[in-house]
Amino acid sequence: MSFHSLLAFSSLVIISSLFLPILVHSDCGRNPVIFNFGDSNSDTGGFAAAHGLIFGFPLGRNFFNGVTYRLCDGRLLIDFLCESLKTPYLAPYLETVRDNNVANGANFAVSGSATLPSSNLFNLAVQAFQFIRFQNRSIASNTRGIPYSLSVKDFNNALYTFDIGQNDLAGSFSYLSYTQVIQKIPSFIDEIKNTLWMIYSHGGRNFWIHNTGPLGCLPEQLVSNRANSRDYDKFGCLSPHNKAANVFNNQLNDLCKQLRSQMKDAKIVYVDIYTIKYDLIASSSIYGFEKPLMACCGNGGPPYNFNPNKRCGSTSGYDVCKMGSKFVSWDGTHHTEFANSIVANKVLSGNYSTPNLKIDFFCK
């Protein structure tokens, strides 16, 4: 890209950023400590650190000046949640190993992660084991008076956030029928249950759990799973994939209800991300999205602009839209920063949480 083209493009980025919704900030009574577990929807650099990668332009173009380790043009939902709590963005766990600065927690999420299979390099169980190692090391450092380390009390009062399940469903649909995918869902939920109990047994008491979004509305899935006309809903999303997501979400909600009765001294908040994200598609014109099922960054043009062989950020062959604020999807799998900011505002309202608590409840 020439200097003049880059300058014009940067101006468009600045203009689009002006239309980001204003986040409601909390009034925390203490510095929040957050530990996040999940996949690329909340990965702030874990995958890049693990594989020695550098993510450059156009990734991060909206906020990080093209220097980011997020699969997005800017901030993720977890970044906006941290901003609302007035705490720094979460550093990936593998970066904290190097820097030893963990005052506000750490992020164990890694792109591509799932609950299963066990061969998945950074599956949820592995993330939980990394957390336990992290906890033991931090408490030992704290007892020796090492700065920026966390105490037992910090871990007990911390907020544990989860956003995982999308890759389990997407991976299953790549080789199984709808009925077979539904049959696998209880095994995904069991892995989440085991992780929650593991963290509870190590002092965790505050849990913030996102359900999974409408898988059938992702351009990647729409390209990879061509279907009969009857398999599409009125907004153009794949109904079987969204139905599976809802089955997963209902079982996850049931798990949260079960654990509330068993973990007597714990707070467990279930957040309906599915409804929020589906509304981005269903009410796209209200939010100013012109092509809700098309990727901003990709290859192939309308209707989806997604080509698995020419993905956004690869060496060549992809195109990038001028204004991400006109798109729900950044790269066919992940949302744009603008879409993430809308999701964040709705999450912060507390209207999609069960029980009806706002995230700043955990730091007051």
Side-chain angles (χ1 to χ4, degrees), residues 1-20 39-41 43 47-48 51 53-77 79 111-112 166 170 174 213-226 232 235-238 241 277 280-281 284-285 287-343:
M1 183 178 288
S2 69
F3 171 78
H4 293 293
S5 298
L6 183 59
L7 184 62
F9 180 81
S10 299
S11 298
L12 285 169
V13 170
I14 293 171
I15 292 172
S16 66
S17 68
L18 296 176
F19 293 94
L20 287 174
D39 52 32
S40 56
N41 288 311
D43 180 2
F47 184 89
H51 295 86
L53 301 176
I54 297 175
F55 295 167
F57 189 89
L59 296 170
R61 68 177 189 176
N62 259 24
F63 188 79
F64 297 101
N65 297 316
V67 181
T68 182
Y69 299 104
R70 296 154 172 81
L71 295 175
C72 181
D73 57 340
R75 289 161 288 184
L76 307 177
L77 172 57
D79 295 319
S111 299
Q166 178 176 306
S174 69
L215 180 69
C217 299
L218 299 179
E220 178 187 37
Q221 294 300 307
L222 288 162
V223 169
S224 303
N225 297 274
R226 298 293 186 178
Y232 295 91
F235 300 111
C237 302
L238 287 167
H241 291 60
K277 288 187 174 180
L280 297 179
I281 308 297
S284 58
S285 60
Y287 302 111
F289 296 124
E290 295 177 350
K291 299 177 178 67
L293 298 180
M294 183 173 168
C296 165
C297 182
N299 173 273
Y304 306 125
N305 197 39
F306 179 83
N307 183 335
N309 299 315
K310 296 181 180 180
R311 293 175 180 266
C312 176
S314 58
T315 54
S316 63
Y318 63 89
D319 299 312
V320 188
C321 70
K322 292 181 179 179
M323 293 185 67
S325 60
K326 299 296 182 182
F327 292 76
V328 174
S329 177
W330 165 243
D331 59 4
T333 306
H334 311 96
H335 282 38
T336 60
E337 181 187 62
F338 185 75
N340 285 334
S341 70
I342 296 172
V343 174

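Residues take their numbers from the sequence shown, with the count starting at 1.
- No side-chain heavy atom of Val67 sits less than 4.5 Å from a side-chain heavy atom of Phe55.
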Quick one, His335 with Lys277, criterion side chain to side chain contact (heavy atoms under 4.5 Å, CB included). Give me CA distance, side-chain angles, the key distance, then yes/no. CA-CA 9 Å; His335 282 38; Lys277 288 187 174 180; 3.8 Å; yes
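- Taking 4.5 Å as the limit, every side-chain heavy atom of Asn340 sits out of range of all side-chain heavy atoms of Arg75.
- Under the 4.5 Å side-chain criterion, counting only non-hydrogen atoms from C-beta, Met294 is in contact with Phe327.
- With no hydrogens or angles considered, no side-chain donor-acceptor pair links Ser329 and His334 at under 3.5 Å.
- In terms of modelled atom types and a separation under 3.5 Å, the side chain of Asn299 and the main chain of Asn307 share no donor-acceptor contact.
- Contact record, Leu76 with Asp43: CD1-O, 3.3 Å, taken as the closest heavy-atom pair.
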Verify side chain to side chain contact (heavy atoms under 4.5 Å, CB included) between Leu238 and Leu222, making sure each step is shown before the conclusion. CA-CA 7 Å; Leu238 287 167; Leu222 288 162; 3.7 Å; yes
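- In this structure, the side chains of Pro58 and Tyr318 come closer than 4.5 Å at one or more pairs of heavy atoms.
- With contacts defined as side-chain heavy-atom distances shorter than 4.5 Å, the pair Arg311/Asp331 does not qualify.
- Counting only heavy atoms from C-beta outward, the side chains of Phe306 and Cys297 never approach each other to under 4.5 Å.
- Here the side chains of Cys237 and Leu293 are in contact, with some heavy-atom distance below 4.5 Å.
- In this structure the side chain of Thr333 never reaches within 4.5 angstrom of the side chain of Leu71, judged on heavy atoms.
- Using a cut-off of 4.0 Å between Lys/Arg side-chain N and Asp/Glu carboxylate O, Arg61 and Glu337 are scored as not salt-bridged.
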Give the intermediate values and the outcome of side chain to side chain contact (heavy atoms under 4.5 Å, CB included) for residues Asn62 and Thr336. CA-CA 9 Å; Asn62 259 24; Thr336 60; over 6 Å; no
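- Between the side chain of Thr68 and the main chain of Phe64, no donor-acceptor pair closer than 3.5 Å is present.
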Working for ring pair (Phe, Tyr, Trp, His ring centres under 6.0 Å), residues Phe338 and Phe289: CA-CA 10 Å; Phe338 185 75; Phe289 296 124; 5.7 Å; yes
Chi angles and distances behind the side-chain hydrogen bond (donor to acceptor under 3.5 Å, both in side chains) call for Gln166, Asp39: CA-CA 8 Å; Gln166 178 176 306; Asp39 52 32; 5.8 Å; no
